[in-house]
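The structure appears right after this line, and notes come after that.
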Amino acid sequence: MTNPTYQTLRKQIAALEAQAAKLKSQEVADVVGRIKEAIAAYGLTAQDLFGGKAGPAKRAKAAKGARAPGKQYSDGQGGFWGGRGKRPQWLAAALAAGRQLEEFLVGAATSAAAPASAPARKAKAVKAKAPKKAARKAEAQASAAKYSDGAGRTWTGRGRQPQWFKDALAAGKKPEELQA
């Protein structure tokens, strides 16, 4: 038998690779078919197969939305800023007077202006200033009212029509007359 040439071996390799790819795709199709049959037969879910409470897409989305905590600043006299949003007047005035922002950083080794109790004061102040959930909801409803009967009853125009609105329409009023 003669020795094969390089070209002949390359052709044989290509033919074998094509044959291997074809066999692999057939085997994969068979395996996927068996898996689908088992999932249907046993009523399995993605959570059963892969575990966990959330899939990879939900975990990635949750991690994307997570924020690092902001830096906190204090003047040592009750003024506090969480590092986000517009700077408070006390800080803007101090910076305009030539002080550095790092001087007010809470927890910094060089900060003499920030006492240890500043974070505790901030937590209490924020809690006291935060409006209650019901008050926020009432405020949102009052500002979003599209219809009013003049007696204090309102409707946003969403959801089921309230009885007072139905009664007014039955009495011959038009929706435009009831607009707030």
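The structure displayed is predicted, hence computed values, not measured ones.
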Closest approach of Arg99 to Leu95 (non-hydrogen atoms, all atoms of both residues): O-CD2, 3.3 Å
Step-by-step salt bridge (Lys or Arg N to Asp or Glu O under 4.0 Å) determination, Glu177 to Lys173: CA-CA 7 Å; Glu177 296 173 359; Lys173 289 200 175 191; 5.4 Å; no
Closest contact, heavy atoms only, Leu101 versus Arg87: CD2-NH2, 3.8 Å
side-chain contact (heavy atoms from CB on, under 4.5 Å) between Asp75 and Leu91, intermediate numbers included: CA-CA 8 Å; Asp75 65 352; Leu91 183 57; over 6 Å; no
Full working for side-chain contact (heavy atoms from CB on, under 4.5 Å) between Thr154 and Tyr147: CA-CA 6 Å; Thr154 61; Tyr147 300 99; over 6 Å; no
Nearest-0.5 Å distance that lies between atom OG in Ser148 and atom CZ in Phe165: 11.0 Å
Approximate separation, where rounding is to 0.5 Å, of Leu178 CG and Lys146 NZ: 12.0 Å
Verdict with reasoning, Asp167 to Gln163, per side chain to side chain donor-acceptor pair (under 3.5 Å): CA-CA 6 Å; Asp167 293 341; Gln163 190 61 47; 2.9 Å; yes
Residue that, paired with Phe104, satisfies ring-ring contact (aromatic ring centres under 6.0 Å, His included) out of Trp90, Tyr73, Phe80: Trp90
Check: Glu27 side chain, Lys24 main-chain N or O, donor-acceptor pair, under 3.5 Å: no
Which atom of Asp48 lies closest to which atom of Gly43, heavy atoms considered: OD2-O, 4.2 Å
ILVMFWY network linking Val28 to Leu23, side-chain heavy atoms under 4.5 angstrom: no
Gln12 side, atom CD; Thr8 side, atom OG1 - distance, nearest 0.5 Å: 7.0 Å
side-chain contact (heavy atoms from CB on, under 4.5 Å) partners of Leu49, counting only residues at least two apart: Ile39, Leu44
Heavy atoms from other residues, nucleotides or ligands near NZ of Lys166 exceed 12 (cutoff 6.0 Å): yes
Check: Gly79 main-chain N/O paired with Ser74 side-chain donor or acceptor under 3.5 Å: yes
Arg10 and Thr5: CA distance, side-chain angles, deciding distance, side-chain contact (heavy atoms from CB on, under 4.5 Å) verdict: CA-CA 9 Å; Arg10 293 298 300 159; Thr5 64; over 6 Å; no
Student check: side-chain heavy atoms of Trp155 and Gln161 closer than 4.5 Å: yes
